[in-house]
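So that the names make sense, note that chain A is the first sequence line, chain B the second, and so on, each numbered from 1.
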2 protein chains.
Amino acid sequence: MAEEENEFDDLEDEEEEEEEEDEEFDYESDLDYKIENVVATVTVEITEKIDLNQIARKHAEVEYNPERFPGLVMRIEKPRATILIFSTGKMVVTGLRKAAEAERVVDKVVKNIRKAGIKLANPEITIQNIVASGDLHTNIDLNMAAIVMEYAMYEPEVFPGLIYRMQDPKTVFLIFSTGRIVCTGAKQKEIVRDAVKKLNQQVRDLGVAKKELDSSDYQDITFI
Amino acid sequence: MAEEENEFDDLEDEEEEEEEEDEEFDYESDLDYKIENVVATVTVEITEKIDLNQIARKHAEVEYNPERFPGLVMRIEKPRATILIFSTGKMVVTGLRKAAEAERVVDKVVKNIRKAGIKLANPEITIQNIVASGDLHTNIDLNMAAIVMEYAMYEPEVFPGLIYRMQDPKTVFLIFSTGRIVCTGAKQKEIVRDAVKKLNQQVRDLGVAKKELDSSDYQDITFI
DNA sequence: GGTTTTTATAAATAACTATTTATAAATGTC
DNA sequence: GACATTTATAAATAGTTATTTATAAAAACC
C-alpha cells in the first residue's frame, strides 16, 4: 500500500509513547492539548465504478441510503473508525485518534470490500483534517478577545465559543470562557502543535486572560 | 473591468463578421460548425456576503428560491443571457452565443445589482465552457464507431447519440447517425475548431461514414 | 400530427444530504 | 435532574437542486 504526502511511519513510535498518558503533554513548551479526531481520504484503483449495493448485501451492518446520501457508511472496531465509501472508490475515514491508525483501518475496509467481490488496488491515504482539544489554563474574557483579536467572531447567543481563524498556520480555534479550546483544520500534527503554541502566546500577549484560578483557590471559596 | 485568461477583444471583429452568415464556415478546412452556447463565470470583490433577497426585492422579475437552489436567477436581453448570482458574489453567465458578449452582460448585471444597493467591484470573467453544433456531412455507422473509436460509448436505447470523449483536445462529442454533432467542454473557440477538425479527420480515417447522400440522390429516391 | 418530457454532454456556481470529534450554553422533553 | 438536540468549526467525499445549448429518439399526452 503506497503512502501519500504524509509520511507517518516514523511517527508511529512517538504516538505509541503518547498513548501511555491520558493527554499528550509537550513538556518543552507546557502545552496542553490532545488530538481527538483525524479525518483521512483514501483513493484506490478500480476498473469500474463500485456498485455499493453489492457491499450492502454482503455486509448487513453497513448503512446505505443513496436517495439521502451517495456514500455507504461502514463502521469498524480496533481501531474504531467510520468510513464513507463512494461509487468512485474514494473513501473518507473519520473518528481516528491517531493518523497512524489509518493504514490498519484501510486494510480492514479493503478486505471487507473485496469480500463483496469488488476488485480494487493501491489504496492511498491522505490526512485531511485533525481536530484537537486543549486547555489554556486560564479563564478568557471573550468579549475582550473578540475586540483585540483579528479574525475573531463571538456571538454568545448563537454559540458559546469564540471562533478564531488563525491565518498562519491556517487553522480555526473555538475558544471558550473556561479556557478550553478546540483546534481544527490542520492536516499535520506538527501544525496543530505550532498553532496551539501560538495561541497560548497570543492569549498572554493580548491580555485577554482573566484571573487564573488554581484548584486551591476554588476550594477556599467553596468552604467560605 | 479586468479581463482574465481569455483575450477576446481581438476576436470581436472576426466574430462580427461570422454573424453575417448563418453558420461559421472555415473555408480553409471545410469545417461546418457553430458555437451555440458559452458559459462564463464572474468573480467580484465584495465587502460582505450579498443578501440576495435585497436583489429579489428590487428586481421583481428575478427568480430566487433559496430552499431549492442557493442562486438567484436573472435573465437579461441584448444580449440575451441568464445569470446565476450567488451570495458569495460569484456568478455564472449562460446562454451566450459569443464570448465577447460576456462583458456587456456583466456590465448590465453589475448595474442591476448596484441598483439594489449592493456594493461590488472588479468583476473578472472566465469562459468555462463552449458548446458547438456541427455537421460531418455524412451518415455515421454508430455501431461501428463505438467499436473502432477509443473512449466511445453508444447505447441507443438510452440515448440516440454516441458519446465520444476526445482526449486531446479534451472535449466531448455527441455524434448522431445523421452526421450531426455536438462538441462541448472546450474553454476557447480555437479548441473547439481543433477538436471539430480532428473529429472530421478521424471519421474519415476510421471508415465509420456511411455512404454519403447528397440532396439529388434523396430527391430521386423520393420520386420513385 | 403537434407538443412536452426524458434520455445524454460539458462547465461553473453553492447549499444540503452524511461522517467524526472536542468544546459549552440554551432549549426541550421525560 | 438527566438526557437529547441544537447552535458552531474543519475536512474530504458525491449526488441533487438550477442555468444554458445544440443534437435525436422514444414515450406520453392532447
Side-chain angles (χ1 to χ4, degrees), chain A residues 34-42 63 65-71 73 75 81-88 90-97 126-134 153 155-161 163 165 171-178 180-187, chain B residues 34-42 63 65-71 73 75 81-88 90-97 126-134 153 155-161 163 165 171-178 180-187:
Chain A
K34 180 188 178 191
I35 289 172
E36 307 279 5
N37 188 33
V38 176
V39 178
T41 51
V42 184
E63 294 169 38
N65 300 293
E67 330 77 49
R68 279 182 67 69
F69 185 75
V73 184
R75 291 180 173 85
T82 303
I83 303 88
L84 303 180
I85 305 170
F86 296 89
S87 60
T88 53
K90 290 186 181 181
M91 307 180 223
V92 180
V93 181
T94 62
L96 294 170
R97 288 203 127 75
T126 307
I127 303 301
Q128 300 287 2
N129 191 27
I130 299 178
V131 182
S133 70
M153 254 177 46
E155 294 176 54
E157 287 176 9
V158 173
F159 184 73
I163 295 119
R165 291 182 159 76
T171 50
V172 178
F173 282 91
L174 304 180
I175 306 174
F176 298 89
S177 58
T178 54
R180 296 304 299 263
I181 62 173
V182 174
C183 172
T184 185
K187 290 181 191 288
Chain B
K34 178 188 178 191
I35 289 172
E36 308 278 4
N37 187 33
V38 177
V39 179
T41 50
V42 186
E63 294 169 36
N65 300 293
E67 331 78 48
R68 280 183 64 74
F69 185 74
V73 184
R75 291 181 173 86
T82 303
I83 303 89
L84 304 180
I85 305 170
F86 297 90
S87 59
T88 53
K90 290 187 182 181
M91 308 178 222
V92 180
V93 182
T94 63
L96 295 170
R97 288 202 129 75
T126 306
I127 302 302
Q128 299 288 3
N129 191 25
I130 300 177
V131 182
S133 68
M153 254 176 45
E155 293 175 55
E157 288 177 8
V158 174
F159 184 73
I163 297 119
R165 292 184 158 79
T171 51
V172 178
F173 281 92
L174 304 180
I175 306 172
F176 298 89
S177 59
T178 54
R180 297 303 300 263
I181 60 173
V182 174
C183 172
T184 183
K187 291 181 192 288

Please list, pair by pair, any protein nitrogen or oxygen found under 3.5 Å from a nitrogen or oxygen in nucleotides 8-11 of chain C.
unit_1: C/dA10; atom_1: OP1; unit_2: B/Arg165; atom_2: NE; d: 3.4
unit_1: C/dA10; atom_1: OP1; unit_2: B/Arg165; atom_2: NH2; d: 2.9
unit_1: C/dA10; atom_1: O4'; unit_2: B/Thr184; atom_2: OG1; d: 3.3
unit_1: C/dA10; atom_1: N3; unit_2: B/Asn129; atom_2: ND2; d: 3.2
unit_1: C/dA10; atom_1: N3; unit_2: B/Thr184; atom_2: OG1; d: 2.9
unit_1: C/dA11; atom_1: N3; unit_2: B/Asn129; atom_2: ND2; d: 3.2

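- Rounded to whole angstrom, the span from the CD atom of A/Glu157 across to the P atom of C/dA25 amounts to 14 Å.
- Taking B/Glu155 as the reference, nothing meets the salt bridge (Lys or Arg N to Asp or Glu O under 4.0 Å) condition, with sequence neighbours excluded.
- For the pair B/Arg180 CZ and D/dA25 P, the interatomic distance rounds to 12 Å; values are reported in whole Å.
- Distance from the side chain of B/Pro160 is smallest to D/dA24 among C/dA25, C/dT19, D/dA24.
- To the nearest angstrom, P of C/dA14 lies 6 Å from CZ of B/Phe86.
- Comparing D/dA25, D/dA24, D/dT19 against the side chain of B/Thr178 picks out D/dA24 as the nearest.
- Counting non-hydrogen atoms under 4.0 angstrom, A/Glu67 reaches nothing in the nucleic acid.
- Straight-line distance from the NZ atom of B/Lys90 to the P atom of D/dT19: 21 Å, rounded to whole Å.
- Between the C1' atom of C/dA12 and the CD1 atom of B/Ile85 lies a distance of 15 Å, rounded to the nearest Å.
- Residues that satisfy the side chain to side chain contact (heavy atoms under 4.5 Å, CB included) test with A/Phe86, not counting sequence neighbours, are A/Phe69, A/Pro70, A/Leu84, A/Thr88, A/Val92.
- With sequence neighbours left out, the side chain to side chain contact (heavy atoms under 4.5 Å, CB included) criterion links A/Ser177 to A/Leu142.
- With sequence neighbours left out, B/Thr41 forms a side chain to side chain donor-acceptor pair (under 3.5 Å) with B/Gln128.
- DNA chain C is contacted by both B/Thr88 and A/Phe69; B/Thr88 maps to the nucleotide lying nearer its 5′ end (nearest heavy atom per residue).
- For the salt bridge (Lys or Arg N to Asp or Glu O under 4.0 Å) test, no residue two or more places apart in sequence or in another chain qualifies with A/Arg165.
- At D/dT20, one or more side-chain N or O atoms of B/Thr82 fall inside 4.0 Å of OP1 or OP2 (strictly under the cut-off).
- Exactly one of B/Ile175, B/Val158, B/Val172 qualifies for a side-chain contact (heavy atoms from CB on, under 4.5 Å) with B/Ile163. That residue is B/Val172.
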